[in-house]
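Here the structure comes first, spelled out in structure tokens, and everything after it is commentary.
Residue numbering restarts at 1 for every chain, and letters A, B, ... go by the order of the sequence lines.
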Amino acid sequence: MIENLTAAAYLAAGALFIFSLRWMSHPKTARRGVVAGVAGMTAAVGGTLLHPEIVGFEWIAIAVVIGTAIGVPLSRVALTAVPQRTAISHAFGGLAAGLVGTAKYILWLPEGELTGFRMGAISLEVLLGFLTFTGSLMAAGKLQEVIPTRPITYRGQNVINLGLLGVALLCGIGLVLDPTQWFLFPLLIGLSLAFGVLLIIPIGGADMPTVISLLNSYAGLAAVAMGYVLENKVLIIAGALDGASGLILSIIMCRAMNRSFSNVLFGAFGQVQGGPADAVERKPVKSATAQDVAELLELAREVVIVPGYGLAVAQAQHRAFELYEQLTKRGIRCRFAIHPVAGRMPGHMNVLLAEANVPYDALVEMDDINPDLGQVDVAIVVGANDVVNPAARHDKSSPIYGMPIIDVDKCKTVIANKRTMNPGFAGIDNELYTADNTLMLFGDAKAALGDVVKALSGESGLGH
Amino acid sequence: MIENLTAAAYLAAGALFIFSLRWMSHPKTARRGVVAGVAGMTAAVGGTLLHPEIVGFEWIAIAVVIGTAIGVPLSRVALTAVPQRTAISHAFGGLAAGLVGTAKYILWLPEGELTGFRMGAISLEVLLGFLTFTGSLMAAGKLQEVIPTRPITYRGQNVINLGLLGVALLCGIGLVLDPTQWFLFPLLIGLSLAFGVLLIIPIGGADMPTVISLLNSYAGLAAVAMGYVLENKVLIIAGALDGASGLILSIIMCRAMNRSFSNVLFGAFGQVQGGPADAVERKPVKSATAQDVAELLELAREVVIVPGYGLAVAQAQHRAFELYEQLTKRGIRCRFAIHPVAGRMPGHMNVLLAEANVPYDALVEMDDINPDLGQVDVAIVVGANDVVNPAARHDKSSPIYGMPIIDVDKCKTVIANKRTMNPGFAGIDNELYTADNTLMLFGDAKAALGDVVKALSGESGLGH
Amino acid sequence: MHSVDFWSMTFVFMLAAFVGFDVIRNVSRLLHTPLMSLTNAISAIAVVGSIIIAGEQKTTLSTVLGTIAVAASVTNIVSGFLITDRMLKMFHQQGQKR
Amino acid sequence: MHSVDFWSMTFVFMLAAFVGFDVIRNVSRLLHTPLMSLTNAISAIAVVGSIIIAGEQKTTLSTVLGTIAVAASVTNIVSGFLITDRMLKMFHQQGQKR
Ligand SMILES: NC(=O)c1ccc[n+]([C@@H]2O[C@H](COP(=O)([O-])OP(=O)(O)OC[C@H]3O[C@@H](n4cnc5c(N)ncnc54)[C@H](OP(=O)(O)O)[C@@H]3O)[C@@H](O)[C@H]2O)c1
Ligand SMILES: NC(=O)c1ccc[n+]([C@@H]2O[C@H](COP(=O)([O-])OP(=O)(O)OC[C@H]3O[C@@H](n4cnc5c(N)ncnc54)[C@H](OP(=O)(O)O)[C@@H]3O)[C@@H](O)[C@H]2O)c1
């Protein structure tokens with residue numbers, strides 16, 4: 001009877017998780033998705049608590065209190081710290097999977113319950129769990145810049161890493177053949193932990209979002225392995241959903257950057273190549289003041305704002321919203337053009353601008369806005385660089401060649417805001433800044449946009 | 001070992017069926033979908049033949065020969081007979097499910113293997129299987145017009161039908177409670193067979209496509225029930241896929257007709273309400289000759305052809321293609337506007353026109369073409385009626401009010417081809433024909449379009 | 001049937017239903033007629049059950065029923081796949097040879 | 001583990017993977033950041049395994065490991081759902097009140 005209750009609860013949990021993700025297909029239903037997720041998790045936990053093997057709830061209760069005490073503050077971080085938070089969370093997930101696998105090994109070893117299949121599943125779970133643990137911690141460290149963000153590479157690195165992984169797999173195989181060779185188990189754990197660290201070291205801080213997504217996928221697969229170990233189908237479903245999600249997001253990122261997985265994992269792309277000092281004889285740039293920009297905008301009928309990583313760094317989203325409001329008030333059509341990899345994580349710009357109250361129907365995806373750009377009078381590029389670099393379209397020698405970009409150079413006038421002439425994430429110059437129809441608006445995005453808004457509202461007084 | 005082989009084959013079959021349907025998402029990959037389907041079926045059959053319980057293959061071989069002998073000619077029917085063929089096929093599917101359920105009952109009864117759960121699943125399988133069998137045969141008969149197509153209704157019909165279903169369900173419950181009450185089993189079969197017939201009698205011939213789709217869904221559910229009986233997961237997967245497909249297609253049809261399921265099943269809609277004789281004082285219509293039409297077309301820059309059921313009846317698709325070719329050759333942009341329920345089955349127009357060599361990129365869905373119709377010079381409505389009836393937009397008292405239509409009345413000129421002023425499927429008048437910008441081209445679609453093509457090519461001789 | 005098996009089946013059914021709805025919703029409207037005949041062929045999966053009944057030859061009656069069921073299913077498989085392919089062959093793009 | 005169970009698991013995995021790919025592909029690009037935290041919360045389903053280990057209290061070591069695992073999972077559940085909801089609350093349409 002209780003068995004059936006538990007099974008029904010797990011079935012419901014699986015269905016609820018699926019609905020949860022389905023409802024993320026549109027902002028209108030997305031919050032319902034969270035409710036479904038919470039309901040699913042409640043069903044899964046409830047069904048588990050019915051398990052007759054559970055003899056005492058005290059430790060569970062203590063753990064829940066601790067988890068809640070850590071979890072609540074962790075959910076209140078600033079939006080700019082969301083990538084780090086996600087990474088830390090993956091670390092916790094990996095740790096849990098690894099520990100459950102370890103506990104199962106310890107419990108089943110004396111009972112002689114370790115069939116080859118179980119041992120294999122446990123080995124996989126432990127490997128994936130612990131490498132996700134240290135890998136995610138490293139990723140979080142790089143994102144928080146506690147650990148140097150530049151890729152650390154040395155000769156033979158890939159050979160060493162793959163060798164380590166190979167030895168770990170051999171340990172797993174050894175255990176499958178004879179689970180009583182218990183010394184192999186701590187070795188497997190140690191190697192997994194070490195592999196997680198070494199895997200991340202050669203990857204630049206800026207590639208961390210892709211890596212985090214991949215780690216998400218690994219965490220999902222660890223849950224699947226745990227599902228096989230515990231013969232629990234809700235673990236398999238939830239794990240598969242996560243695995244798919246992580247994989248798809250990293251594929252989207254790689255595609256939008258026109259790079260391959262192996263290039264991200266082994267390419268050490270995050271380095272500034274050459275750097276601005278090397279750049280020889282740059283064409284002169286035309287620079288403008290906030291007042292100039294305001295005057296230009298007043299004459300425009302259609303304006304597009306292209307936000308990038310700089311907007312996030314400067315926390316300039318609220319100024320961007322004020323600018324949007326000023327323009328809309330004057331009857332100027334104003335939209336935001338969102339590149340899929342603008343910023344440092346998928347959907348980065350969307351959350352930031354949503355936080356600043358920008359309605360989501362004003363956020364237009366690259367593919368939808370590109371055809372319209374010929375009709376746009378002024379494009380304002382705010383702290384974006386690579387995602388608007390025309391070299392991606394025509395310069396076959398450019399490292400970003402082939403990456404789809406927002407074609408702001410087709411707009412009548414481009415205003416580009418950044419602090420210096422330094423390159424962005426990809427470390428390359430951007431001919432957009434020296435184009436004839438581009439005006440540079442130098443300065444921190446928050447301050448610069450603020451000045452433009454002030455100039456706009458001061459002049460006309462419409463908003464007062 | 002063999003068990004594992006079978007299980008692996010079933011797993012592969014399940015995955016292949018899913019790929020098969022996924023690849024139907026685009027005509028480019030669709031033929032690959034058939035290959036995947038065949039591969040999946042081969043894997044499933046192969047895995048089954050490995051079953052150690054199978055002691056002799058002679059009957060299986062004979063059955064395969066018979067099935068192939070019937071199947072091959074059945075696949076060669078004319079495209080207009082496809083709905084009937086599908087219905088007959090569903091009948092075979094239902095029969096197979098019902099017979100397997102019956103055989104399992106007969107085999108398990110003396111062995112005492114009939115647990116309550118198994119008995120319940122068998123009852124469901126038998127009920128769904130046999131009602132699909134007779135229901136589909138009736139539907140095929142109505143479509144082939146072997147059986148009178150008009151709905152046959154009488155007072156208390158719904159009560160009798162539901163009563164019959166209720167008794168059948170009671171038989172099932174009785175069997176679950178005590179499977180040895182074997183006389184209940186033939187009663188259940190008989191009631192299921194009768195219910196299938198009675199279910200279809202009150203439904204008009206023209207509603208058969210929706211009914212067929214629903215029966216497809218039932219056949220899928222019968223396979224699912226068989227899966228539970230035989231504890232076979234590939235049956236459950238394939239059955240669920242079919243169940244979903246039938247349900248979605250019937251929902252699409254109902255929505256496109258702006259009707260509810262219960263209206264289709266109990267509404268006896270297929271009757272001609274009032275009929276043309278009742279129609280009082282119709283506005284005069286303007287009629288045109290093929291020559292007039294050809295002259296109009298020569299001056300057009302953009303033409304849309306709207307095919308309907310009459311095109312299928314007249315087998316005029318080849319003429320329509322010739323017209324399309326003539327126009328395209330002259331540099332006139334010509335497209336086909338496809339309403340989701342034009343014709344008598346979902347996708348009817350698409351297959352017909354594809355058969356006549358029209359490229360699928362010239363077939364545009366209603367929602368995509370409606371916004372463009374204001375710019376269209378000439379719309380040629382070929383044997384379509386309800387799907388272009390503007391009453392659906394504004395006349396709240398019309399039975400088709402709310403049904404989305406192709407807004408041909410927004411085109412500069414409309415040419416409507418049909419044989420008479422008789423109404424179409426819904427049995428109502430169409431104000432489009434009396435509109436100021438409409439010209440009627442009376443006659444059989446094949447002949448009429450043929451004349452237009454002749455007039456066009458004769459005049460200019462461009463094609464010669 | 002053990003309750004474990006029942007739940008396994010039910011998990012599979014739940015997931016397959018989700019897959020089915022997603023997959024079918026994405027089928028091109030162009031192809032709804034071939035879709036009907038393709039699912040028709042796939043629903044002939046009942047052949048799996050029929051083969052076992054016809055092959056295990058436990059009683060004459062069950063063998064006869066099984067044999068008829070196999071014949072009916074094979075009819076669907078053969079005609080379903082053949083006609084689907086026949087229809088799909090007709091679809092071609094602008095300028096594309098057949 | 002019986003081979004029957006293994007195959008049940010594998011069917012569930014195969015189907016869940018299909019569902020996962022279809023569902024995630026349909027997630028709005030607008031919501032990719034909240035999606036990451038939502039899947040993060042869902043992947044804390046490891047709590048199910050952790051609770052059993054922590055609750056069956058078979059050995060001290062296993063109880064300790066289980067307890068840590070529960071704490072880690074609960075952290076993810078709590079923070080994952082809360083931050084997702086926090087982010088989603090920010091999204092609103094033109095003219096729509098918050
Ligand atoms: N979104 C993702 O998921 C993701 C994942 C991995 C990698 N990436 C990569 O990240 C890059 C994103 O492109 P992006 O155009 O958004 O950014 P970007 O190319 O990195 O450029 C950001 C620009 O912002 C400027 N900036 C920095 N701080 C600023 C401030 N306080 N005020 C004003 N400007 C400031 C910088 O110039 P100054 O220093 O001169 O001010 C810099 O040129 C792409 O190359 C993409 O491939 C994205
Ligand atoms: N497609 C589906 O899946 C489906 C399913 C169920 C129901 N339906 C229903 O079927 C209807 C389909 O609309 P529709 O506009 O395609 O068809 P319709 O409304 O039934 O009209 C067909 C027209 O074709 C004309 N016609 C018949 N034979 C002809 C011939 N040989 N040459 C020229 N014209 C001929 C008829 O007029 P004359 O007799 O004057 O020639 C009739 O007005 C809708 O009401 C829809 O709800 C469709």
Could you tell me which portion of [X] (side chain, backbone, both or neither) has an atom closer than 4.5 angstrom to a non-hydrogen atom of chain C?
X	answer
Val234(B)	both
Met41(B)	side chain
Leu249(B)	side chain
Val35(B)	neither
Glu111(B)	side chain
Leu247(B)	side chain
Leu95(B)	side chain
Ile62(B)	neither
Asn216(B)	side chain
Val34(B)	both
His26(B)	backbone
Glu53(B)	both
Val82(B)	side chain
Ile106(B)	side chain

Exercise. Can you check whether Asn350(B) reaches Phe91(C) side chain to side chain, under 4.5 Å on heavy atoms?
Worked result: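 Yes - at least one pair of side-chain heavy atoms lies under 4.5 Å apart.
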Problem set entry | Distance-only donor-acceptor check, side chains Ser25(B) and Ser28(C), under 3.5 Å |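 There is no such pair between these side chains.
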Problem set entry | Residues Ser79(C) and Arg85(B): side-chain donor-acceptor under 3.5 angstrom |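 Present: a donor and an acceptor within the cut-off.
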For this session: Mind running side chain to side chain contact (heavy atoms under 4.5 Å, CB included) on Met90(C) and Leu88(C) for me, showing each step along the way?
Result: CA-CA 5 Å; Met90(C) 297 171 180; Leu88(C) 290 177; over 6 Å; no
Under 4.5 Å from any heavy atom of chain B - which part of [X]:
X	value
Leu38(C)	side chain
Arg29(C)	both
Ile77(C)	side chain
Ile53(C)	side chain
Val47(C)	side chain

Quick one: of [options], who has the most non-hydrogen atom pairs under 4.5 Å with chain B?
options	value
Thr75(C), Val74(C), Val48(C)	Thr75(C)
Ile52(C), Val19(C), Leu15(C)	Ile52(C)
Ile68(C), Leu31(C), Leu61(C), Val70(C)	Leu31(C)
Ile45(C), Thr63(C), Val64(C), Leu82(C)	Ile45(C)
Ser43(C), Pro34(C), Gly20(C)	Ser43(C)
Leu65(C), Asn26(C), Leu30(C)	Leu30(C)

Exercise. Quick one: are the ring centres of Trp23(B) and Phe19(B) less than 6.0 Å apart?
Worked result: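 Here the rings of Phe19(B) and Trp23(B) have centres that are less than 6.0 Å from each other.
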Exercise. Does the pair Asn40(C) and His90(B) meet the rule for a side-chain hydrogen bond (donor to acceptor under 3.5 Å, both in side chains), with working shown?
Worked result: CA-CA 7 Å; Asn40(C) 196 218; His90(B) 285 326; 3.2 Å; yes
Just by distance, do the side chain of [X] and the backbone of [Y] share a donor-acceptor pair under 3.5 Å?
X	Y	value
Gln317(B)	Leu353(B)	no
Thr67(C)	Ala63(B)	no
Thr29(B)	Arg32(B)	no

Looking at [options], which one has more heavy-atom pairs under 4.5 Å with chain C than the rest?
options	answer
Ile66(B), Val351(B), Leu241(B)	Val351(B)
Ala240(B), Ala103(B), Pro346(B)	Pro346(B)
Leu363(B), Ile88(B), Val77(B)	Val77(B)

Exercise. Shortest non-hydrogen contact from Met36(C) to Ile212(B)?
Worked result: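 Taking every non-hydrogen atom into account, CE-CG2, 3.8 Å.
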Exercise. Between Arg118(B) and Glu231(B), is the closest basic N to carboxylate O distance under 4.0 Å?
Worked result: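 Here Glu231(B) pairs with Arg118(B) in a salt bridge, since their nearest N and O are under 4.0 Å apart.
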Problem set entry | Geometric class of the Phe336(B)/Tyr324(B) ring pair [parallel <30°, tilted 30-60°, perpendicular >60°] |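 Because their plane-to-plane angle lies in the 30° to 60° range, the rings of Tyr324(B) and Phe336(B) count as tilted.
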Exercise. Hey, what's the ring geometry for Phe117(B) with Phe6(C), parallel, tilted or perpendicular (30° and 60° as the breaks)?
Worked result: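 It falls in the perpendicular class, over 60°.
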Exercise. CZ of Phe321(B) to OG1 of Thr328(B): how many Å apart, nearest 0.5 Å?
Worked result: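 So the gap between those two atoms works out to 8.5 Å.
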For this session: Determine, step by step, whether Ser89(B) and Asn76(C) satisfy the side-chain hydrogen bond (donor to acceptor under 3.5 Å, both in side chains) criterion, reporting the C-alpha distance in whole Å, the side-chain angles of both residues, the deciding distance to 0.1 Å, and the verdict.
Result: CA-CA 6 Å; Ser89(B) 228; Asn76(C) 277 2; 2.7 Å; yes
Exercise. Taking it one step at a time, do Tyr10(B) and Thr48(B) satisfy side-chain hydrogen bond (donor to acceptor under 3.5 Å, both in side chains)?
Worked result: CA-CA 9 Å; Tyr10(B) 286 169; Thr48(B) 307; 2.8 Å; yes
